[in-house]
Amino acid sequence: MNELKLSKRLEAVASYIPKGSILADIGSDHGYLPCYAYLQGMIEKGIAGEVVEGPFQSAVQQVRKTELDHAIEVRKGDGLEVISPNEVTCITIAGMGGTLIQSILEKGKEKLAGVQTLILQPNIGAKKIREWLLENGWELIAEQILLEDGRIYEILVAERGESQKPYTFNKGAYLLVGPFLAKEKNDVFVQKWTHELAHWKKIVAQLEVAAKTEANEAKMKELGENIRFVEEVLGVENS
């Protein structure tokens with residue numbers, strides 16, 4: 001992977017960047033994504049944000065090597081600390097857990113002034129991000145699920161708008177699995193949720209013979225609801 005050839009996952013993330021954007025890539029690692037986006041004519045300029053010293057230095061070297069210092073600025077800081085309000089129009093955050101991405105957005109809410117598009121790629125916990133978008137006036141406009149090197153990734157794209165719009169039908173299930181992904185229901189989606197169903201049912205079976213504690217009862221209730229949601233989406237008959 002380099003500034004000319006991204007991984008399948010990051011290439012998919014880049015494909016959602018609106019042309020002419022001013023981009024902030026948060027947790028940019030080597031800075032490949034903003035460099036690629038600029039070289040492909042997707043963005044006018046970009047910021048690569050990194051909190052960890054090693055990846056920050058890697059991004060600095062990457063931008064220098066590709067002679068993109070005039071277009072890509074590498075900044076060190078935690079989450080959205082690296083940008084100012086009304087400085088960028090598009091933010092990408094890829095390769096983290098959903099809870100961490102949610103936390104970055106929540107902590108940096110005031111920095112989102114002027115941002116038109118959020119492109120978020122959680123490794124796990126996409127539901128947390130959908131919930132945050134819903135509560136904060138961001139409308140989910142596209143989703144993608146893909147398989148790369150044996151791992152399944154989801155991409156969520158949001159713009160400011162009617163945050164309730166994608167959830168007019170089966171809100172609980174759609175927050176869990178994704179409204180656009182549920183409608184498309186591709187092979188990767190079916191693979192992911194079939195596996196999750198089997199996993200959850202195994203846990204429920206264990207909890208049913210375990211001690212009846214409050215925590216166990218709450219967990220069983222949560223898993224039971226998730227199982228029902230996913231079975232509805234997949235069209236599985238209740239067993």
[atom1]/[X] to [atom2]/[Y] distance, rounded to the nearest 0.5 angstrom?
| X | Y | atom1 | atom2 | value |
| --- | --- | --- | --- | --- |
| Asn136 | Leu112 | CG | CG | 8.5 Å |
| Asp149 | Ser7 | CG | OG | 8.5 Å |
| Ile26 | Ile83 | CD1 | CD1 | 5.5 Å |
| Leu105 | Leu100 | CG | CG | 9.5 Å |
| Lys45 | Leu68 | NZ | CG | 14.5 Å |
| Leu118 | Arg160 | CG | CZ | 7.5 Å |

Notebook entry, point to check: Would Ile145 and Tyr153 count as a side chain to side chain contact (heavy atoms under 4.5 Å, CB included) if you check the C-alpha gap in whole Å, the side-chain angles of each, and the deciding distance to 0.1 Å?
Noted result: CA-CA 6 Å; Ile145 188 166; Tyr153 301 101; over 6 Å; no
Hey, is the main chain of [Y] close enough, under 3.5 Å, to the side chain of [X] for a donor-acceptor pair?
| X | Y | value |
| --- | --- | --- |
| Lys212 | Glu217 | no |
| Asp25 | Gly46 | no |
| Gln121 | Gly95 | yes |
| Lys107 | Glu81 | no |
| Gln144 | Ile155 | no |
| Glu148 | Lys8 | yes |
| Glu139 | Glu162 | yes |

Side-chain heavy atoms of [X] within contact of [Y], under 4.5 Å:
| X | Y | result |
| --- | --- | --- |
| Lys219 | Leu207 | yes |
| Arg130 | Pro179 | yes |
| Val60 | Arg64 | yes |
| Met96 | Ile104 | yes |
| Thr117 | Val157 | yes |
| Val88 | Leu23 | no |
| Val63 | Cys35 | yes |
| Ile91 | Leu80 | yes |

Is atom [atom1] of [X] surrounded by more than 12 heavy atoms (other residues, nucleotides or ligands) closer than 6.0 Å?
| X | atom1 | answer |
| --- | --- | --- |
| Ile203 | CD1 | yes |
| Glu110 | CD | yes |
| Lys76 | NZ | yes |

How close do [X] and [Y] get, heavy atom to heavy atom, and via which atoms?
| X | Y | value |
| --- | --- | --- |
| Lys111 | Pro85 | CD-CD, 3.9 Å |
| Leu33 | Ala14 | CD1-CB, 3.7 Å |
| Ile17 | Cys90 | CG2-SG, 4.3 Å |
| Gln62 | Tyr32 | OE1-CE2, 3.4 Å |
| Tyr36 | Glu11 | OH-CG, 3.8 Å |
| Leu10 | Ala94 | CD2-CB, 3.9 Å |

Single-linkage hydrophobic cluster, 4.5 Å side-chain cutoff, [X] and [Y] together:
| X | Y | value |
| --- | --- | --- |
| Leu120 | Tyr174 | yes |
| Tyr16 | Leu39 | yes |
| Met220 | Leu176 | yes |
| Tyr167 | Phe180 | yes |
| Leu181 | Leu147 | yes |

Checklist line | Side chains of Gln57 and Glu53, donor plus acceptor under 3.5 Å | finding: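 The answer is yes; a qualifying pair exists.
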Item checked: Carboxylate-amine/guanidinium proximity below 4.0 Å for Glu231 and Lys201 ->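 Salt bridge flag = yes for Lys201 with Glu231.
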Checklist line | Glu87 bridged to Arg75 by N-O distance under 4.0 Å | finding: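 A salt bridge links Glu87 with Arg75.
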Note to self: Tell me every residue that passes salt bridge (Lys or Arg N to Asp or Glu O under 4.0 Å) with Lys171, counting only those two or more places apart in sequence or in another chain.
What the structure shows: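 For Lys171 there are no salt bridge (Lys or Arg N to Asp or Glu O under 4.0 Å) partners, ignoring immediate neighbours.
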Next item on the list: Take the angle between the ring planes of Trp200 and Trp193 and call it parallel below 30°, perpendicular above 60°, tilted in between.
Entry: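 Answer is tilted, since the angle falls between 30° and 60°.
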Margin query: Working note: Ile152 + His195, criterion side chain to side chain contact (heavy atoms under 4.5 Å, CB included); need CA distance, chi angles, decisive distance, verdict.
Written below: CA-CA 12 Å; Ile152 292 174; His195 176 80; over 6 Å; no
Next item on the list: I would like to know whether Ile72 and Ile43 meet side chain to side chain contact (heavy atoms under 4.5 Å, CB included); could you show each step before the answer?
Entry: CA-CA 10 Å; Ile72 309 293; Ile43 63 173; 4.2 Å; yes
Note to self: Pair Glu131, Leu175 - check side chain to side chain contact (heavy atoms under 4.5 Å, CB included), show working.
What the structure shows: CA-CA 7 Å; Glu131 288 172 340; Leu175 280 169; 4.3 Å; yes
Checklist line | Intermediate values then yes/no, salt bridge (Lys or Arg N to Asp or Glu O under 4.0 Å), Arg228 and Glu232 | finding: CA-CA 6 Å; Arg228 182 169 57 82; Glu232 281 175 16; 3.3 Å; yes
